[in-house]
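Working notes, beginning with the structure itself.
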Amino acid sequence: METILKSDNKEATVSFDAPFTIIGEKINPTGRKKLAAALKTGDYDYVRNLATKQVEAGADILDVNVGVPGIDEVAVLPEVAKLVSELVEVPLCLDSANHKAIAAALAVLPGRPLVNSVNGEEKSLEAVLPVVKEYGVAVIGLTMDDEGIPNDAETRIAIADKILERAGKLGIPADDVIIDPLVLTVGADSNAGAVTLQTIRLLKEQFGVNINLGASNVSFGLPDRHTINQAFLSLAMGIGATCAITDPIKLTSTIRATDLLMGRDNFGARYINYWRATQPMEDA
Ligand code: THG
């Protein structure tokens with residue numbers, strides 16, 4: 001199973017047989033006051049800086065989310081996505097609950113962006129999937145519906161099945177649907193990590209689809225979040241996750257190490273090159 005995303009001159013392939021795909025999460029104003037203010041005032045240098053930094057840190061794709069209360073996403077998402085696409089070469093992931101904003105951004109972007117996201121709710125399936133089909137792009141399907149995020153793996157699998165079936169009926173192949181099994185925090189329910197890992201295992205066994213994680217949620221409310229995030233990402237990769245929306249500045253080294261341990265890095269070249277590129281400069 002391969003999901004291929006494109007910018008105007010670069011491709012990213014998401015597959016279990018390829019190195020893990022890193023989707024940079026930082027262009028997202030949730031919990032980031034500076035970015036929220038920058039988006040509201042149109043100070044796009046701040047956004048440009050987040051884009052370049054993440055690509056330098058190893059992002060293969062950049063997530064773009066402009067969801068600030070009071071902002072007109074239908075106008076701002078295409079504007080911000082376009083300027084990011086003109087600055088960096090990587091494909092984009094359009095992150096919005098507003099399908100009109102997603103359609104407006106798809107209309108102005110080159111290549112083959114990833115739509116983030118559709119879920120199992122009837123109104124989401126009906127609004128988002130036709131747009132994905134119209135533009136011939138790929139989509140992330142969240143395993144939640146109008147009853148929320150199920151507590152067990154089996155119900156999440158049933159929602160994934162429904163999303164894949166509905167996409168298929170419209171002519172969207174399973175290659176173009178990346179399932180996101182969702183992660184709740186182990187700070188509130190110590191079984192939450194295990195449920196998500198079990199969901200990943202079943203998704204891989206039953207559908208063989210690509211699997212995304214928004215990995216940093218898992219540690220919310222606990223001390224030393226980074227240690228938990230690193231451990232969780234490695235476990236998720238080992239069991240079948242193929243991409244993550246995460247912070248490349250903090251997590252690329254863990255991902256390179258895990259790819260090497262999984263036999264997805266010949267001669268450790270990617271691991272070593274990343275280490276080299278991130279060493280402080282010697283005195284000139
Ligand atoms: N699945 C899918 N899409 C998603 C998510 C997911 N999109 C949104 C989110 N979850 C992933 N993106 C983020 C972006 C930022 C943060 C977490 C997830 C984050 N922000 C810090 C905070 O809120 O405290 C601020 C961090 C900083 O300043 O660097 O942690 O699960 N498909």
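All ligand and atom numbering here is 1-based and tracks the order in the structure. All values reported here derive from a predicted model rather than from experimental measurement.
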Exercise. For atom 9 (C) of ligand 1, what is the nearest protein heavy atom, given as residue, atom name and distance?
Worked result: Asn28 ND2, 4.4 Å
Problem set entry | Any N or O of Asp63 closer than 3.5 Å to N or O of ligand 1 | no
Exercise. Non-hydrogen atoms of Leu142 versus ligand 1: any pair closer than 4.0 Å?
Worked result: yes
Exercise. What protein heavy atom sits nearest atom 7 (N) of ligand 1, and how far off is it?
Worked result: Asp95 OD2, 2.9 Å
Exercise. Any idea which protein heavy atom is nearest atom 11 (C) of ligand 1, and the distance to it?
Worked result: Ile245 CG2, 3.8 Å
Exercise. Can you name the closest pair of heavy atoms from Ala160 and Leu203 and give their distance?
Worked result: CB-CD2, 3.6 Å
Exercise. In the protein, which heavy atom is nearest to atom 19 (C) of ligand 1, and how far is it?
Worked result: Glu25 OE2, 4.2 Å
Exercise. Just one of Thr3, Asp180, Thr21 clears the side chain to side chain donor-acceptor pair (under 3.5 Å) bar with Asn212, so which one?
Worked result: Asp180
For this session: Please determine if Lys250 has a nitrogen or oxygen closer than 3.5 Å to a nitrogen or oxygen of ligand 1.
Result: no
Problem set entry | For atom 27 (C) of ligand 1, the protein heavy atom that lies nearest, with its residue and separation | Arg32 NE, 3.3 Å
For this session: Measure the shortest side-chain to side-chain distance between Asp63 and Asn116 over non-hydrogen atoms and say whether it is less than 4.5 angstrom.
Result: yes
For this session: Look at atom 2 (C) of ligand 1 and say which protein heavy atom is nearest, naming residue and atom and giving the distance to 0.1 Å.
Result: Asp180 OD2, 3.2 Å
Exercise. What do you think, any protein heavy atom under 4.0 angstrom from atom 23 (O) of ligand 1?
Worked result: yes
Problem set entry | Which segment of Ser216 sits under 4.0 Å of ligand 1 when only heavy atoms are counted | side chain
Exercise. Judged by atom type as modelled, is there a donor-acceptor pair below 3.5 Å linking the side chain of Arg270 to the main-chain atoms of Arg256?
Worked result: no
Problem set entry | Minimal non-hydrogen separation, Thr30 against Asn28, with atom names | OG1-OD1, 2.6 Å
Problem set entry | Qualifying residue, where the test is side chain to side chain donor-acceptor pair (under 3.5 Å) with Ser216 and the options are His226, Lys250, Glu25 | Glu25
Exercise. Hey, mind stepping through Arg225 and Val218 against side-chain contact (heavy atoms from CB on, under 4.5 Å) and telling me if it holds?
Worked result: CA-CA 9 Å; Arg225 292 184 63 178; Val218 71; over 6 Å; no
Exercise. Under 4.0 Å from any heavy atom of Lys26, which atoms of ligand 1 are there?
Worked result: 29 (O)
Problem set entry | Residue, atom name and distance, where the atom is the protein heavy atom closest to atom 10 (N) of ligand 1 | Gly214 CA, 4.6 Å
Problem set entry | Asn65-ligand 1 polar pair, N/O distance under 3.5 Å | no
Problem set entry | Geometric cation-pi criterion, Lys34 with Tyr46: 6.0 Å, 45° | no
For this session: Among all protein heavy atoms, pick out the one at the shortest distance from atom 3 (N) of ligand 1; state its residue, atom name and that distance to 0.1 Å.
Result: Asn116 ND2, 3.0 Å
For this session: Check whether any side-chain N or O of Asn119 sits under 3.5 Å from a backbone N or O of Asp145 as a donor-acceptor pair, and report yes or no.
Result: no
Exercise. Does some side-chain heavy atom of Leu125 sit less than 4.5 Å from a side-chain heavy atom of Glu122?
Worked result: yes
Exercise. Which atom pair, heavy atoms only, marks the closest approach of Ala57 to Ile249?
Worked result: CB-CG1, 3.6 Å
For this session: For Asn212 and ligand 1, answer yes if some heavy atom of the residue is under 4.0 Å from a ligand atom, otherwise no.
Result: yes
Exercise. With a 4.0 Å heavy-atom cut-off (strictly under), which part of Thr30 contacts ligand 1: side chain, backbone, both or neither?
Worked result: backbone
